[in-house]
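Data first, discussion second: the structure below is written as structure tokens.
Lettering follows sequence order; numbering is per chain, from 1.
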Amino acid sequence: MLHKTGIPTIEQVKDQFPEQSKLSKPKAIIECYEDIPCNPCETSCPFQAIIIGPDINQQPKVDFDKCTGCTICVTSCPGLAIIVAEVHHPHAIIKIPYEFLPRPQKGEVWHAVNRSGEIVGDANILQTLVSRRQDRTLLVSIQIDSSLVYEVITIRRKHA
Amino acid sequence: MIHTDVIIVGGGPAGLCAAYSLVKQGVSVTLFERNSKLGGQLVKQTHKFFGSEKQYAKTRGFDIAAKLIKDLEPYSAFLTIEKNATVLGIYPDKVVTVMKNEAYFKYQCKAIIVSTGAMEKVLAFEQNDLPGIYGAGAVQTLMNVYGVYPGQSIVMVGSGNIGLIVSYQLLQAGVEVKAVIEAASSIGGYKVHASKLRRLGVPILTNTTIKKAHGVDFLTGVETIQLDESWKTIPGTEKTIQCDACCISVGLAPMHQLLSMAGVHMKYIPEFGGIVPIASDTHETSYDGLFVAGDVYGIEEASSAIVEGYLSGLYVSNKLGMKSEEINSQIADFHQQLEYLRSGPFGKKTRQGLEKIKEARNVT
Amino acid sequence: MRIKEHPILELIDKEKIHFFYNGEVMYGQVGDSIAAALHASGIKVLSKSIHLERPRGFYCAIGNCSSCHMTVDGIPNVKTCITELLPGMRVEFQSGKGVLR
Ligand SMILES: Cc1cc2nc3c(=O)[nH]c(=O)nc-3n(C[C@H](O)[C@H](O)[C@H](O)COP(=O)(O)OP(=O)(O)OC[C@H]3O[C@@H](n4cnc5c(N)ncnc54)[C@H](O)[C@@H]3O)c2cc1C
Ligand code: SF4
Ligand code: SF4
Ligand code: FES
């Protein structure tokens, strides 16, 4: 799948999540399924929660006990392969990197989109952040239905 | 005849970093760049780069270029940069000829570093010469350097990193990407890039190639066809996709012409993308005092071009008689960096290419 | 067409400059290459091939492929993709090998 279409399987995705109980706090979910020479996620994490090691081709592993969900890695990853997720039933909050115009604004409702590019529900925009450190990659917090937590990866603007 | 210590041909990341290693030690360098801007391929890269911090990972390409250029500023006393200056030939006794503003100049130096980068390959299909069909680099230049739309809807041919990255950049500029097509049975580039596109709704069609382009004076669409596992076309699977631009991104070939013309021992190494010099471990070619760095010595990434650049500068200073513990330890560090960059599955081609260079060295 | 806004790039409106395309006045921006200015004005066919007279647009944009040759201020075979646009330039469509005047 992934190597033919760019879409990971749901099993692959679920493997990147911690057990549900840990998701009561925000945690980094990394989808970097390949050995590539890259490690900014590891070096940007202030809590040493991501481990790659000296061979930068190794895939990153998150230590969910150390991860505070601070989102620094999300906008540092050149592959836009990291989100931060937390679940408070019946909602989930995910924080995603976003590099398109127009920029979403707090209070708007956008489409929630899955890894195949399909619309799967609504995304309430809770916050958008852009600081110098993020280098023009926006960080968007969205609220979705908690049943969609393994599905939603990005957002798309609704046509007026 | 104008004299200088070292001449560098090409102001991409490799050339800029080579210059840095040299001017830092007080060696006079003249760098020629045929473009009006320094930075090579980096100036049109709007995405954040991979690699590790030492190669400026997570910095956007054009910002890396700006940084490398700025690093050279304190050493301007040792550095002459000639832009809009094309090196035309390299002759015996390290004579280099240059064309600038329709005028012709002759230089002589003690060592030369060639870092001319690469050019894009073309693909054979019916009507592949129609206007509206561009190389991926051209599309990038047009939109990211000049801020001009290459078209409104586009089909990307090739799913290597360049094809995937340029597709993403097209979407950022507001161009519709109808599909990325790939002849092989799997995506060529990093899957993180592929996933980034796919979630935006762009289909990536593997086992698919372009059969012909439609249009009389200008592109109106492309006809795709599916391939079986042995790369044979499957009749009846033709599909027409309407578009007003088509982008060809099927790989790069080293820009070897200056080296070939100078009589350097060359070899066709498919893993390196084409004809490359058979260079020594210190990046020196069969022409005494002529060194190479970056894509011209095998297609890789900017990260390795940067490291190779720094390294070749150090090798040249060795060659010019400058030796020190510090230089040695820097060389060791850069070697280690290259090793890490090349040790994964995506570095396999480079490792194989380097093996072939070694073998070729033993023959000649 | 020019890109008006971009999430990453800062596109600043640069000073307009005029040039002539086949005698007609057109406008580009300071810093444009000739080919980029033409493209922005919708002119994408730049020349005709030497033997079969097939239309040619630009292909590589770095001065390698010779697909963008035009006659500029009377000089044929100018690589318009890497030649900077200057005010008042006379740019002409080129058929075949071009004529030296
Ligand atoms: C679309 C795209 C995306 C990429 N993405 C990444 C990425 O994410 N990460 C990564 O690490 N790498 C990436 N790369 C690769 C990277 O940009 C190149 O590997 C790198 O630029 C090679 O550096 P270089 O200095 O060898 O050559 P170049 O950058 O090509 O520079 C060569 C320079 O030499 C000049 N020149 C050539 N001939 C002459 C002559 N005769 N006289 C004077 N000057 C001359 C050219 O004008 C040019 O400026 C990407 C490349 C492309 C095209
Ligand atoms: S969210 Fe913060 S703490 Fe968690 S892995 Fe990322 S950078 Fe580290
Ligand atoms: S920074 Fe992103 S792409 Fe790079 S290794 Fe980490 S998760 Fe993967
Ligand atoms: S487009 Fe290739 S030389 Fe101008």
Side-chain angles (χ1 to χ4, degrees), chain A residues 1-8 12-13 30-44 52-59 72-73 75-83 96-102 111 113-119 133-137 151-156, chain B residues 46-61 63 159 161 164-165 168-169 171-174 180 182 184-207 300-301 303-304 336-348:
Chain A
M1 273 292 266
L2 181 64
H3 68 283
K4 275 192 179 293
T5 59
I7 311 167
Q12 277 177 312
V13 175
I30 304 190
E31 288 185 77
C32 190
Y33 301 109
E34 215 175 15
D35 293 355
I36 54 176
C38 183
N39 73 352
C41 51
E42 177 184 44
T43 49
S44 70
I52 288 180
D55 176 0
I56 63 172
N57 290 280
Q58 295 301 310
Q59 292 171 27
I72 286 176
C73 58
T75 49
S76 300
C77 167
L80 304 191
I82 311 180
I83 59 171
I96 59 164
Y98 194 75
E99 294 189 327
F100 288 87
L101 293 177
H111 293 301
V113 171
N114 70 10
R115 288 168 178 77
S116 318
E118 298 154 352
I119 296 166
R133 187 184 47 72
Q134 290 165 231
D135 188 10
R136 288 157 279 193
T137 306
E151 280 204 58
V152 174
I153 188 71
T154 191
I155 50 174
R156 191 174 301 150
Chain B
T46 53
H47 62 285
K48 293 180 179 172
F49 271 50
F50 291 74
S52 75
E53 249 158 45
K54 283 188 175 164
Q55 303 102 32
Y56 315 109
K58 86 175 184 198
T59 308
R60 296 186 189 273
D63 288 331
S159 73
N161 276 337
L164 298 173
I165 290 170
Y168 183 75
Q169 294 176 355
L171 293 168
Q172 285 182 311
V180 176
E182 167 61 55
S185 60
S186 58
I187 294 166
Y190 295 168
K191 304 308 171 286
V192 284
H193 285 312
S195 299
K196 231 159 81 173
L197 270 186
R198 190 57 250 214
R199 69 175 74 129
L200 296 165
V202 177
I204 304 173
L205 311 172
T206 45
N207 292 101
E300 274 187 89
E301 299 262 281
S303 41
S304 33
Q336 179 68 262
Q337 290 184 39
L338 277 182
E339 198 111 311
Y340 279 137
L341 286 171
R342 291 169 176 165
S343 67
F346 280 89
K348 193 170 160 206

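Taking all atoms of both residues into account, the shortest heavy-atom contact from A:Asp35 to B:Phe346 is O-CD1, 3.8 Å. Contact between B:Gly51 and A:Ile56 at its shortest, heavy atoms only, is C-CD1, 4.3 Å.
Ranked by non-hydrogen atom pairs under 4.5 Å with chain B, the options A:Thr75, A:Ile52, A:Asn114, A:Thr137 are led by A:Thr137. Counting heavy-atom pairs under 4.5 Å between each of A:Glu42, A:Glu31, A:Arg136 and chain B puts A:Arg136 at the top.
A donor atom on one side chain and an acceptor atom on the other are not found under 3.5 Å apart for A:Asn39 and B:Ser52.
Of the inter-residue distances, the one linking A:Gln12 atom CD with B:Lys191 atom NZ reads 11.5 Å to the nearest 0.5 angstrom.
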Residues B:Leu341, A:Asn57; criterion side-chain contact (heavy atoms from CB on, under 4.5 Å); working and verdict: CA-CA 8 Å; B:Leu341 286 171; A:Asn57 290 280; over 6 Å; no
side-chain contact (heavy atoms from CB on, under 4.5 Å) assessment of A:Ser116 paired with B:Arg199: CA-CA 5 Å; A:Ser116 318; B:Arg199 69 175 74 129; over 6 Å; no
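Side-chain contact between B:Leu205 and A:Thr5: absent, with no pair of heavy atoms (C-beta onward) separated by less than 4.5 Å. In this structure, the side chains of B:Val192 and A:Cys77 stay at 4.5 Å or more apart for every pair of heavy atoms.
Heavy atoms of B:Lys196 lying under 4.5 Å from chain A belong exclusively to its side chain. With a 4.5 Å cut-off on non-hydrogen atoms, B:Leu171 touches chain A through its backbone and its side chain both.
Not less than 6.0 angstrom separates the ring centroid of A:Tyr33 from the ring centroid of B:Tyr190.
Residue A:Gln59 places its CD atom among more than 12 non-hydrogen atoms of other residues, nucleotides or ligands, all under 6.0 Å distant.
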